[in-house]
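For reference, the structure is listed below as structure tokens.
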Amino acid sequence: MKPSKHLIFALFALAISQPTLAAPQPLDRVAVQINDGIVLESEITNMIDTVKANAKTANQSLPSDSALRTQVIERLILTRLQLQMADRIGLHIGDLQLDQAIENIAREQKISVAQMQQKIESEGLSFSQYREQLREEITLGEIQRIQVQRRIQVSPQEITSLVKLIQEQGMKDVEYQIGHILIDVPNNPTSEQLESSSKRANIVLERLKSGEDFRRTAIASSSGPKALEGGIWDYMNINEMPTLFAEVINGAKTGDIIGPIKSGAGFHIIKIMDARGLQTKEIEEVRARHILLKPSPILSEDRAKAMLEQFLKQIRSGEAKFEDLARQYSEDPGSATKGGELGWAEPSIYVPEFAQTLNSLKNDQISEPFRTTHGWHITQLEERRKTDATDQFNSNRAHQLIFRRKFNEELQNWLDEMRSDAYIEIFQPETNRG
């Protein structure tokens with residue numbers, strides 16, 4: 001049943017009603033309804049202000065306010081849909097996990113948490129606001145990982161083929177920074193709708209070729225996932241970028257504009273913003289072991305952390321051995337039977353908090369308890385080594401590249417599916433009457 005707009009407005013007005021004041025006060029309003037949730041006009045205004053401030057800092061021009069508003073609303077819709085999914089599956093980033101993430105960020109910046117808080121507040125953002133923004137970012141990353149990862153299959157044949165290509169290239173891949181504009185088409189479009197989208201794409205292409213700013217054009221015209229970033233994707237090599245990009249950039253050079261290219265989603269225009277060569281260097285690997293405890297209804301967050309603190313005392317006093325405690329208590333099935341041993345690996349294969357902790361340790365040093373998405377850990381860095389790229393490294397790298405490419409593609413598919421299944425109504429602002 002379609003939710004009642006009038007009921008939502010009434011409930012919202014009731015929730016924010018205040019005692020009568022001498023002068024009338026402007027009220028916030030519901031701008032978008034997304035399933036059972038809403039987006040307020042103030043949220044749209046705040047994001048528009050942020051985009052404008054960032055553009056001013058970067059000396060970047062922007063499209064019209066109406067085009068910018070459309071892109072901001074779309075971003076808020078997709079964000080809200082993902083947060084609603086997180087709520088449905090019970091995904092919640094608790095304060096302990098959030099504190100751990102903040103400590104890791106501060107450590108990465110080589111400052112204390114107090115210094116980090118002072119810096120954030122000097123930029124006009126309260127630390128509580130920063131915490132909630134970070135909580136949302138972590139939640140979005142987690143829900144994407146949970147929902148998209150299970151949709152991806154990487155076959156041994158794909159890995160073998162890519163390893164062969166990597167070896168043929170001598171690890172001298174090039175990384176590209178891609179600009180992307182998507183002129184979308186409706187589902188099951190008519191020939192007239194296809195023709196209309198094609199004409200729009202060609203108009204955009206001509207504007208770009210005549211020197212119009214790509215980022216400004218993308219913000220104004222693109223329906224792609226990076227529209228609010230000016231259509232710019234981070235540096236990627238050909239093996240990790242979406243298939244559509246990889247198929248058309250072979251031999252392209254910086255500044256080239258390619259398209260329009262038709263796909264099921266619409267018409268794509270691609271620009272090579274930059275390209276940089278990769279140099280093969282020695283790889284630093286670490287050998288480590290860990291103990292993992294997973295909080296549950298039976299084992300609380302505080303209890304899990306306290307148990308690991310107790311294990312630390314026992315190990316440091318010689319009362320117990322790390323490997324014995326790992327075999328008895330660790331909930332990582334892949335390493336527990338081996339005394340917590342993780343073997344040799346690049347730190348980057350682990351989740352960020354785990355990699356950052358390993359990078360901060362000296363040989364034989366054991367970390368304090370820390371939280372990742374998997375649970376609570378203590379880890380010991382046993383040793384480091386530098387090594388040349390081996391066949392195993394090539395296989396791991398090939399798997400990561402294929403996975404990242406498929407992840408980008410499947411993430412967009414998942415977002416599109418959620419959006420098409422959702423009830424969404426955008427309420428237009430009331431025009432002032434004289």
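The first residue of the sequence shown is numbered 1, and numbering continues consecutively from there.
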I'd like to know if the side chain of [X] and the backbone of [Y] have a donor-acceptor N/O pair within less than 3.5 Å.
{"X": "Ser196", "Y": "Gln193", "result": "no"}
{"X": "Glu409", "Y": "Thr243", "result": "yes"}
{"X": "Asn239", "Y": "Leu401", "result": "no"}
{"X": "Glu240", "Y": "Arg404", "result": "no"}
{"X": "Ser335", "Y": "Glu341", "result": "no"}
{"X": "Thr160", "Y": "Pro156", "result": "yes"}
{"X": "Thr70", "Y": "Ser66", "result": "yes"}
{"X": "Asn237", "Y": "Glu175", "result": "no"}
{"X": "Ser367", "Y": "Thr379", "result": "yes"}

**Report entry** Within residues 204-230 or reaching into it, pairs that qualify as salt bridge (charged side-chain N to carboxylate O under 4.0 Å, His left out) - sequence neighbours excluded
**Finding:**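 For residues 204-230, and leaving out neighbouring residues, the salt bridge (charged side-chain N to carboxylate O under 4.0 Å, His left out) pairs sorted by first residue read Arg75-Glu229.
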**Report entry** Nearest-0.5 Å distance that lies between atom NZ in Lys271 and atom OG1 in Thr254
**Finding:**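 Output value for this atom pair is 10.0 Å.
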Report summary line: Rounded to the nearest 0.5 angstrom, the CD-CE distance for Glu103 and Met116 is 10.5 Å
For atom [atom1] of [X], is the number of surrounding heavy atoms from other residues, nucleotides or ligands below 6.0 Å larger than 12?
{"X": "Asp421", "atom1": "CG", "answer": "yes"}
{"X": "Tyr130", "atom1": "OH", "answer": "yes"}
{"X": "Gln118", "atom1": "CD", "answer": "no"}
{"X": "Gln153", "atom1": "CD", "answer": "no"}

Query - Evaluation steps, salt bridge (Lys or Arg N to Asp or Glu O under 4.0 Å), between Glu132 and Arg135 - result: CA-CA 5 Å; Glu132 292 314 307; Arg135 195 195 305 272; 3.0 Å; yes
Any idea which heavy atoms bring [X] and [Y] closest together, and the distance?
{"X": "Ser222", "Y": "Leu182", "answer": "OG-N, 3.1 Å"}
{"X": "Ala288", "Y": "Leu358", "answer": "CB-CD2, 3.7 Å"}
{"X": "Ile34", "Y": "Gln84", "answer": "O-NE2, 2.9 Å"}
{"X": "Asn363", "Y": "Arg384", "answer": "OD1-N, 3.7 Å"}
{"X": "Phe267", "Y": "Leu194", "answer": "CE1-O, 3.8 Å"}
{"X": "Ile269", "Y": "Ala201", "answer": "CD1-O, 3.4 Å"}

With a 4.0 Å cut-off, would you call [X] and [Y] a salt bridge?
{"X": "Arg145", "Y": "Glu142", "value": "yes"}
{"X": "Arg69", "Y": "Glu41", "value": "yes"}
{"X": "Arg151", "Y": "Glu410", "value": "yes"}

Report summary line: Residues passing the ring-ring contact (aromatic ring centres under 6.0 Å, His included) test with His268, sequence neighbours excluded, are His180
Query - Under the ring-ring contact (aromatic ring centres under 6.0 Å, His included) test, residues paired with Phe370 that sit two or more places apart - result: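 Phe354, His377.
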Query - Counterpart residues, side-chain hydrogen bond (donor to acceptor under 3.5 Å, both in side chains), relative to Gln115 (two or more places apart) - result: Ser112
Requested in this report: Would you please test Trp414 and Met85 for side-chain contact (heavy atoms from CB on, under 4.5 Å) and show each step?
Outcome: CA-CA 12 Å; Trp414 175 62; Met85 173 66 77; 4.2 Å; yes
**Report entry** Any side-chain donor near an acceptor of the partner, Gln400 and Asn396, under 3.5 Å
**Finding:** no
Query raised in the report: Any side-chain heavy atom of Val51 sitting closer than 4.5 Å to one from Gln71?
Result: no
Counting only pairs under 3.5 Å, give me each side-chain donor-acceptor contact of residues 301-315, with atom names and distances, residues two or more places apart or in other chains.
from   : atom 1 : to     : atom 2 : distance (Å)
Glu301 : OE1    : Arg371 : NE     : 3.1
Glu301 : OE1    : Trp376 : NE1    : 2.7
Glu301 : OE2    : Arg371 : NH2    : 2.8

Report summary line: Residue set satisfying side chain to side chain contact (heavy atoms under 4.5 Å, CB included) with Glu74, at least two apart, ordered chain then number -> Ile77, Leu78, Arg419
